[in-house]
Amino acid sequence: MSDIQDYIDQHIDTFQEQLFEFLRIPSVSTDRDKRNDVRRAALFLTEQLEEIGLDKVTLHETAGHPIVTAEKMVGEDRPTVLIYGHYDVQPPDPEELWTTPPFEPTVKEGRVYARGASDDKGQSFTHLKSVEAFLKTGSALPVNVKYLLEGEEEIGSPHLVPFIEEHKEALACDMVLISDTAMFDEDQPSITFGLRGLAYMEVHVTGPNRDLHSGVFGGAVENPVNVLAEIIGKLKGEDGVIRIDGFYEDVLPMTPEEREAVKALPFDEEEYKRDLGLTALHGEQGYSTLERASARPTLDVNGIWGGYQKEGAKTVLPAKAGAKISMRLVPDQDPDKIARLFERQVRALAPDTVTVEVEAHHGGYPVVIDLDFYGLKAAAKAFSDVYGKEVLFSREGGSIPIVADFKKVLGVNSILMGFGLTRDALHSPNESFFLKDFHRGIKTSARFFEVLAEMASEQG
């Protein structure tokens, strides 16, 4: 065992206690009352980075929450890795569903339960501790590292892209390392090489100037809820195909290599259905369940409202109705273009008996990393060396918009080295993270830096 891996084993209890201290900070970025706590989490990281021995440790003020940067440059001939993570967390609500206090880390059956345990404090903290192992043992750090840690990811990172653009030269790198995704299964390392993009929309349908009696006015006045339901129903066919003119014209087909990578994943469809309490699945014809859930575009209603919602009956013809609708996108779809196509289609479907308003919320571009990228191969080798299993490659149905922003602004690929699991209950009560994967994550991060330096040297 190398000195690095040995150091990690010897100090893992200390690393866990430091993580627990980090998790005790209720850094909820959506809550104005927690603003000081978010800042306290940023200060915790600056102290950690300084103690480890990083250079240029800086807490940058923004119009929102701070951004923390640091670096350790060891040679111009070495590859430079920008490590990105976020220290803000989701609100713990509903707190009554937590079996342990959300901001008091509790270990049960090898897992630490706390808000932020997996998303993203536990995962991103691995990359502080791996660099510490090099610097504290006096071993030569194999690569240049830079850190970019933000406190606004859970609210859409409104100040991050302007910061990256302003500090483009200081953040220049060969690749970005992110741990904010999940492995395919327990003890089965996998690397996410593709993320879907997002176009998030809101639709409002307005009819009469007030709620009406459905017996007196029904049949004479258009019902906005009925209209909204009809519009939504026409946006997607029974075959799962989205019925928006021009929606698919920019979709980049999956390559044979990508489809083979999906087939190689150990996916049990029957277990998938049992876990969800379903007897049948539904989606776009011609694609497997995993392909539909990760590599094909979608359209889903995320919320719908209008009319009487409380217990019992009220014979009302509502004046207004609304819905929130998200579309997951794949290469080479443009979220702004899709938003325009969506609005045009909705307006075309709406009758002149109502007024329709369409609002575009946030969006993000899809990303797929070339499987031949040497950074991806180095990550795969590091995973297999630590976990003792061949790495699988998967595309994820969710979105991490900053990945596309890094590509656009810095011109580099991101390595999505996730150590979590889908059952970590991200954004839900009782979020948790396997401590064995916190341990192995630190080791994998350290091994990644070593393998990356070797591969870069071989490439000349």
Side-chain angles (χ1 to χ4, degrees), residues 79 81-85 118-120 122-124 126-127 130 143 173-197 254-267 290-291 293-295 330-331 366-404 406-407 412-424 426 433-434 436-456:
V81 180
L82 175 64
I83 299 166
Y84 165 82
S118 182
D119 181 20
D120 175 46
Q123 293 204 58
S124 63
T126 59
H127 304 303
S130 65
V143 299
C173 59
D174 295 294
M175 67 196 70
V176 181
L177 178 61
I178 302 174
S179 291
D180 197 11
T181 52
M183 299 188 296
F184 193 77
D185 202 358
E186 184 178 347
D187 298 323
Q188 176 54 70
S190 61
I191 294 175
T192 301
F193 71 95
L195 295 163
R196 289 194 287 198
M254 295 179 69
T255 67
E257 292 78 14
E258 289 170 346
R259 301 197 79 171
E260 285 300 316
V262 173
K263 287 181 182 178
L265 295 171
F267 177 67
L290 280 184
E291 288 174 335
S294 64
V330 300
V367 173
V368 172
I369 308 301
D370 189 338
L371 290 172
D372 287 330
F373 177 50
Y374 82 101
L376 210 61
K377 292 182 176 180
K381 178 69 165 59
F383 260 126
S384 62
D385 286 351
V386 173
Y387 281 74
K389 283 190 177 181
E390 184 178 350
V391 176
L392 300 176
F393 292 89
S394 63
R395 289 172 67 166
E396 188 170 298
S399 306
I400 306 179
I402 190 59
V403 173
F406 281 132
K407 184 70 173 179
V412 296
N413 290 320
S414 295
I415 308 300
L416 300 172
M417 187 183 284
F419 304 114
L421 296 170
T422 55
R423 58 179 175 272
D424 288 347
L426 312 184
F433 187 38
F434 257 134
K436 68 177 181 180
D437 285 317
F438 175 63
H439 189 177
R440 292 187 293 192
I442 300 170
K443 287 189 163 188
T444 303
S445 174
R447 183 65 184 136
F448 168 70
F449 297 139
E450 294 173 335
V451 177
L452 184 66
E454 295 167 3
M455 288 188 173

**OP:** Run the ring-centre check on F184 versus F393 and record whether the distance is less than 6.0 Å.
**Re:** no

Subject >> Flag if over 12 foreign heavy atoms under 6.0 Å of CD, E390 >> reply: no

Subject >> Derivation of the side chain to side chain contact (heavy atoms under 4.5 Å, CB included) call for F267 and V262 >> reply: CA-CA 9 Å; F267 177 67; V262 173; over 6 Å; no

Could you tell me the separation between the [atom1] atom of [X] and the [atom2] atom of [Y], rounded to the nearest 0.5 Å?
| X | Y | atom1 | atom2 | answer |
| --- | --- | --- | --- | --- |
| Q123 | S118 | CD | OG | 4.5 Å |
| L416 | D180 | CG | CG | 9.0 Å |
| S414 | F373 | OG | CZ | 9.0 Å |
| R447 | D385 | CZ | CG | 4.5 Å |
| I400 | T192 | CD1 | OG1 | 7.5 Å |
| M455 | L376 | CE | CG | 10.0 Å |

**OP:** Verify side chain to side chain contact (heavy atoms under 4.5 Å, CB included) between T126 and K443, making sure each step is shown before the conclusion.
**Re:** CA-CA 8 Å; T126 59; K443 287 189 163 188; over 6 Å; no

Original post:
Do D424 side-chain atoms and L426 backbone N/O form a donor-acceptor pair below 3.5 Å?
Top reply: no

So which atom in [X] and which in [Y] form the shortest heavy-atom distance, rounded to 0.1 Å?
| X | Y | result |
| --- | --- | --- |
| S130 | I442 | CB-O, 3.5 Å |
| A379 | I415 | CB-CG2, 3.7 Å |
| I191 | A380 | CD1-N, 3.5 Å |
| L392 | Q188 | CG-NE2, 3.5 Å |
| P331 | V368 | CG-CG2, 3.5 Å |
| S179 | F419 | OG-CE1, 3.5 Å |

Note, [X] side chain near [Y] side chain (heavy atom, < 4.5 Å):
| X | Y | result |
| --- | --- | --- |
| I178 | V176 | yes |
| L177 | M417 | yes |
| K381 | E454 | no |
| Y387 | T444 | yes |
| S384 | K389 | no |
| L195 | R395 | no |
| L82 | V412 | no |
| L421 | F433 | no |

Subject >> Worked verdict on L452 versus M175 for side chain to side chain contact (heavy atoms under 4.5 Å, CB included) >> reply: CA-CA 11 Å; L452 184 66; M175 67 196 70; 3.7 Å; yes

Salt-bridge criterion met for [X] and [Y] (N-O under 4.0 Å):
| X | Y | value |
| --- | --- | --- |
| R440 | D187 | yes |
| E186 | R423 | yes |
| E396 | R196 | no |

Subject >> K436 charged N/C atom sitting above F434 aromatic ring, 6.0 Å / 45° >> reply: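 The answer is yes, since K436 meets both limits relative to F434.
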
Original post:
Would you say the side chains of D174 and Y374 form a donor-acceptor pair under 3.5 Å?
Top reply: no

**OP:** For the pair V386 and F448, evaluate side chain to side chain contact (heavy atoms under 4.5 Å, CB included) and give the outcome as yes or no after the intermediate values.
**Re:** CA-CA 10 Å; V386 173; F448 168 70; over 6 Å; no

**OP:** Verify side chain to side chain donor-acceptor pair (under 3.5 Å) between Y84 and D120, making sure each step is shown before the conclusion.
**Re:** CA-CA 10 Å; Y84 165 82; D120 175 46; over 6 Å; no

